[in-house]
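For reference, the structure discussed in these notes is given below.
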Amino acid sequence: MKFRDNWKTLPGARVIAGGNYGSVLEFAGRPCRFKELAQAAEAATDQTIDIQEVTRNDFDLNIAQTGISQIGLMLAKNYQDYAIAGNNGESEASPAVFEKVLGHSLTPLSEALKELL
């Protein structure tokens, strides 16, 4: 389908075209933990993944052993610090506005992963 034939069904086009969505839109899904992401990956691939909960120190050691660049290592550690600290808005994340603009519920994580794979 070409864009010009389908523009009213595309979320971005509906927002730009003046849908009644308000002046600020917060597009968010439901936050998930790595364990939930791994479980969704299991469902998407029909494979068992060895899911292990590790301490922060073990995480740092494991990520460092992957051969990741120093910048990548720094970013990974900073993301972990941010997530562990909490109070970063995840408790307020709601898919309601996103779903309203889309016109349907968000795709379940396992189905979205399956599409990516």
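Since we're looking at a predicted model, the values are computed, not measured. For the single chain, residues carry numbers from 1 onward in sequence order.
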>> Under the rule for side chain to side chain contact (heavy atoms under 4.5 Å, CB included), what residues qualify as partners of Asp50, not counting sequence neighbours?
In response: Gln52

Which side-chain N or O atoms in residues 27-36 pair as donor and acceptor under 3.5 Å with protein atoms at least two apart or in another chain?
unit_1: Arg30; atom_1: NH1; unit_2: Glu36; atom_2: OE1; d: 3.1
unit_1: Arg30; atom_1: NH2; unit_2: Glu36; atom_2: OE1; d: 3.1
unit_1: Glu36; atom_1: OE2; unit_2: Arg33; atom_2: N; d: 3.0

For a quick test of your reading: what N or O donor-acceptor pairs under 3.5 Å do the side chains of residues 39-48 make, sequence neighbours left out?
unit_1: Glu42; atom_1: OE2; unit_2: Ile49; atom_2: N; d: 2.8
unit_1: Thr45; atom_1: OG1; unit_2: Ala41; atom_2: O; d: 2.8
unit_1: Thr45; atom_1: OG1; unit_2: Gln47; atom_2: N; d: 3.4

>> List the residues meeting salt bridge (charged side-chain N to carboxylate O under 4.0 Å, His left out) with Glu99, not counting sequence neighbours, and say none if there are none.
In response: none

Using a 3.5 Å cut-off and no angle test, enumerate the donor-acceptor pairs between side-chain atoms of residues 64-75 and protein atoms at least two apart in sequence or in another chain.
unit_1: Thr66; atom_1: OG1; unit_2: Ile63; atom_2: O; d: 2.7
unit_1: Thr66; atom_1: OG1; unit_2: Ile68; atom_2: N; d: 3.3
unit_1: Ser69; atom_1: OG; unit_2: Gly72; atom_2: N; d: 3.0

> Which residue pairs pass the salt bridge (Lys or Arg N to Asp or Glu O under 4.0 Å) test with at least one member in residues 64-73, sequence neighbours excluded?
Replying inline: none

Distance-only donor-acceptor pairs under 3.5 Å for side chains of residues 103-117, two or more places apart:
none

>> Strictly by salt bridge (Lys or Arg N to Asp or Glu O under 4.0 Å), give each pair with a member in residues 58-70 just once, sequence neighbours left out.
In response: Arg56-Asp60

